[in-house]
Amino acid sequence: MASANAQGRPKTIDSHLHIWASPQEAADKYPYFPGQEPTLPGHLDFLLQCMEEASVEGALIVQPINHKFDHSLVTSVLKKHPTKFVGCCLANPAENGTGVKQLEDLILKDGYRAVRFNPYLWPSGQQMTNEVGKAMFSRAGELGVPVGFMCMKGLNLHISEITELCTEFPSTAVLLDHLAFCKPPLNDEEKLAFSELLKLSRFPQVYVKFSALFRVSRMSSPCLDLVPLLAEVVSNFGANRVMWGSDFPYVVPESGYKGAKEATCLIASQASLSSSEVEWIMGKTVMQLFQGQWLP
């Protein structure tokens, strides 16, 4: 009867998590990048156990900084579980432009279907709108691959770059990780950042990840101060451009993995979202973005 259940209940897909080698795997085959050794367990078996407990059927794995530009561990997991996971590679903004070729290889040879722009990896004084950044962003669009932005130090720092890239390359889909790091606003600067996030809804290619709630909330789980933010994001973007993500394994000590999923459902119900809107946020949006993946 498993198939009937699969038909009957919409799938839950996690749009944002990380995995890295266990210490044993790191010693044997998949070394950590020096200075980026993880402080938490984030190996595949632990993730699979968490997903099973929480009834989460699939996920987008974002290449972790712990392995930097060495994608071999994540690639091995994508090959092992092709129907469960999609890969998001990490853009290499090296000034010599080799990142464009690396991006093409990861997408065309290794099957990655998204790419992450981390602005803090760009050479000092350079922006994501430099020649290399534009080349990678434009190529991602040509290959039908969305670009995720990590604005950890605040959206206000990066909004002009994101706006310029969206304007110049309208065919590249954009994912804003973790609500673009907008916290419930307490001052004018934070209000401005959140209003800039909402204004990005004018670009049809922009999607918002309602992910890593513990990073943007000022409260402990279930992070109910995010209720009005989710309501506004959905009313501006539509639920079909919003997607839940856990930020495993960082979320585990905060709320537990299953707790992260439950918190999101609770926030959505308190934001008076319809069951259809919740279905979009919990899986349909990311399934539509990566068509052909996670089929029933």
Side-chain angles (χ1 to χ4, degrees), residues 16 18 20 26 30-40 42 61-74 87-107 112 114-143 145-169 172-183 187-190 192-194 196-197 199-200 203 205-206 209 211-212 215-216 247 250:
H16 196 106
H18 307 279
W20 46 72
Y30 302 111
Y32 305 127
F33 189 80
Q36 296 286 358
E37 297 79 6
T39 55
L40 290 168
I61 301 177
V62 180
Q63 169 72 7
I65 198 69
N66 314 84
H67 294 285
K68 208 157 180 188
F69 301 121
D70 175 0
H71 287 72
S72 54
L73 171 78
V74 172
C88 173
C89 61
L90 181 61
N92 182 352
E95 280 178 284
N96 62 10
T98 50
V100 183
K101 176 79 169 74
Q102 286 173 14
L103 178 69
E104 288 176 346
D105 285 348
L106 287 162
I107 294 165
Y112 284 78
V115 55
R116 182 179 227 196
F117 275 30
N118 176 342
Y120 316 113
L121 295 175
W122 257 252
S124 180
Q126 299 276 318
Q127 292 200 312
M128 294 184 287
T129 45
N130 69 0
E131 194 181 338
V132 168
K134 284 190 173 177
M136 291 193 294
F137 191 85
S138 139
R139 191 69 182 115
E142 289 165 9
L143 293 168
V145 162
V147 172
F149 288 104
M150 182 180 78
C151 304
M152 192 174 250
K153 295 178 186 175
L155 180 61
N156 289 339
L157 287 179
H158 308 294
I159 185 70
S160 64
E161 296 160 81
I162 293 170
T163 302
E164 186 179 331
L165 290 167
C166 288
T167 305
E168 201 169 319
F169 305 104
T172 304
V174 164
L175 313 173
L176 298 169
D177 297 346
H178 314 334
L179 270 179
F181 287 86
C182 290
K183 287 181 179 272
N187 57 44
D188 289 345
E189 191 184 345
E190 290 171 350
L192 175 67
F194 188 60
E196 291 291 355
L197 167 62
K199 278 199 285 194
L200 286 171
F203 296 107
Q205 81 241 52
V206 176
K209 287 188 184 181
S211 53
R215 294 190 189 277
V216 288
D247 205 20
Y250 300 107

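The basis for the numbers below is simple: all heavy atoms, side chains too, and nothing from hydrogens, waters or symmetry mates.
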*Asks:* Describe, in one word, how the ring planes of Tyr32 and His67 are oriented to each other, choosing from parallel (under 30°), tilted (30 to 60°) and perpendicular (over 60°).
*Replies:*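 Tyr32 and His67: tilted rings.
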*Asks:* Atom CD of Glu196 and atom OG1 of Thr163: how far apart are they, to the nearest 0.5 Å?
*Replies:*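 That separation rounds to 6.5 Å.
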*Asks:* Measure the shortest side-chain to side-chain distance between Leu121 and Phe69 over non-hydrogen atoms and say whether it is less than 4.5 angstrom.
*Replies:*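 Leu121 vs Phe69: side chains touch.
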*Asks:* By the salt bridge (Lys or Arg N to Asp or Glu O under 4.0 Å) test, which pairs, at least two apart or in different chains, include something from residues 132-141?
*Replies:* Glu104-Arg139, Lys134-Glu164, Lys134-Glu168, Arg139-Glu142
*Asks:* Decide yes or no for Cys88 and Val74: does some side-chain heavy atom of the first lie under 4.5 Å from some side-chain heavy atom of the second?
*Replies:*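 No. Closest side-chain heavy atoms not under 4.5 Å.
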*Asks:* Just jot down the salt bridge (charged side-chain N to carboxylate O under 4.0 Å, His left out) partners of Lys68, sequence neighbours excluded, or say none.
*Replies:* none
*Asks:* For a side chain to side chain contact (heavy atoms under 4.5 Å, CB included) check, start with the C-alpha distance between Leu90 and Val62, then their side-chain angles and the critical distance, and finish with the verdict.
*Replies:* CA-CA 8 Å; Leu90 181 61; Val62 180; over 6 Å; no
*Asks:* Could you walk me through whether Tyr250 and Leu40 pass side chain to side chain contact (heavy atoms under 4.5 Å, CB included), step by step?
*Replies:* CA-CA 7 Å; Tyr250 300 107; Leu40 290 168; 3.9 Å; yes
*Asks:* Can you list every salt bridge (Lys or Arg N to Asp or Glu O under 4.0 Å) pair that touches residues 114-125, not counting sequence neighbours?
*Replies:*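 Every pair satisfying salt bridge (Lys or Arg N to Asp or Glu O under 4.0 Å) with a residue in residues 114-125: Arg116-Asp177.
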*Asks:* Side-chain atoms of residues 145-160: list all donor-acceptor pairs with protein atoms under 3.5 Å, sequence neighbours left out, distances to 0.1 Å.
*Replies:*
residue: Asn156; atom: ND2; partner: Glu189; partner atom: O; Å: 3.2
residue: His158; atom: ND1; partner: Glu161; partner atom: OE2; Å: 3.3
residue: His158; atom: NE2; partner: Tyr120; partner atom: OH; Å: 2.9

*Asks:* Quick check: closest heavy atoms across His16 and Ser211, and the distance to 0.1 Å?
*Replies:*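 For His16 and Ser211, the tightest heavy-atom pair comes out as CB-CB, 4.2 Å.
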*Asks:* Calculate, to the nearest 0.5 Å, the distance between atoms CG and OG1 belonging to Leu143 and Thr172 respectively.
*Replies:*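 Between atom CG of Leu143 and atom OG1 of Thr172 there are 9.5 Å.
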*Asks:* Tell me whether the rings of His18 and Trp20 are parallel (<30°), tilted (30 to 60°) or perpendicular (>60°).
*Replies:*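 His18 vs Trp20 ring planes: parallel.
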*Asks:* Enter the distance from Leu176:CG to Lys209:NZ here, rounded to the nearest 0.5 Å.
*Replies:* 9.5 Å
*Asks:* Under a 4.5 Å cut-off applied to non-hydrogen side-chain atoms, are Leu106 and His71 in contact?
*Replies:* yes
*Asks:* Give the intermediate values and the outcome of side chain to side chain contact (heavy atoms under 4.5 Å, CB included) for residues Asp247 and His178.
*Replies:* CA-CA 9 Å; Asp247 205 20; His178 314 334; 3.9 Å; yes
*Asks:* Testing the basics here: between Gly97 and Val132, what is the closest heavy-atom pair and its distance to 0.1 Å?
*Replies:* CA-CG2, 4.0 Å
*Asks:* Please enumerate all residues that pass side-chain hydrogen bond (donor to acceptor under 3.5 Å, both in side chains) together with Asn118, with sequence neighbours excluded.
*Replies:* none
*Asks:* If I take atom CH2 from residue Trp122 and atom CE from residue Met128, how far apart are they, to the nearest 0.5 angstrom?
*Replies:* 6.5 Å
*Asks:* Could you measure the distance from the CG atom of Asp105 to the OH atom of Tyr112? Nearest 0.5 Å is fine.
*Replies:*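 Between atom CG of Asp105 and atom OH of Tyr112 there are 12.0 Å.
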*Asks:* Closest heavy-atom contact between Val174 and Cys166?
*Replies:* CG2-SG, 3.8 Å
*Asks:* So does Asp70 get a backbone contact from the side chain of Gln63, meaning a donor-acceptor N/O pair under 3.5 Å?
*Replies:* yes
*Asks:* Side chains of Lys101 and Thr98, heavy atoms from C-beta outward: is any pair under 4.5 Å?
*Replies:* no
*Asks:* Report the distance from atom CG of Leu197 to atom CG of Leu192, rounding to the nearest 0.5 Å.
*Replies:* 11.5 Å
*Asks:* List for me each residue that meets ring-ring contact (aromatic ring centres under 6.0 Å, His included) alongside Phe169, sequence neighbours excluded, and say none if there are none.
*Replies:*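 Partners of Phe169 by the ring-ring contact (aromatic ring centres under 6.0 Å, His included) criterion, ordered by chain and then number, come out as Phe137.
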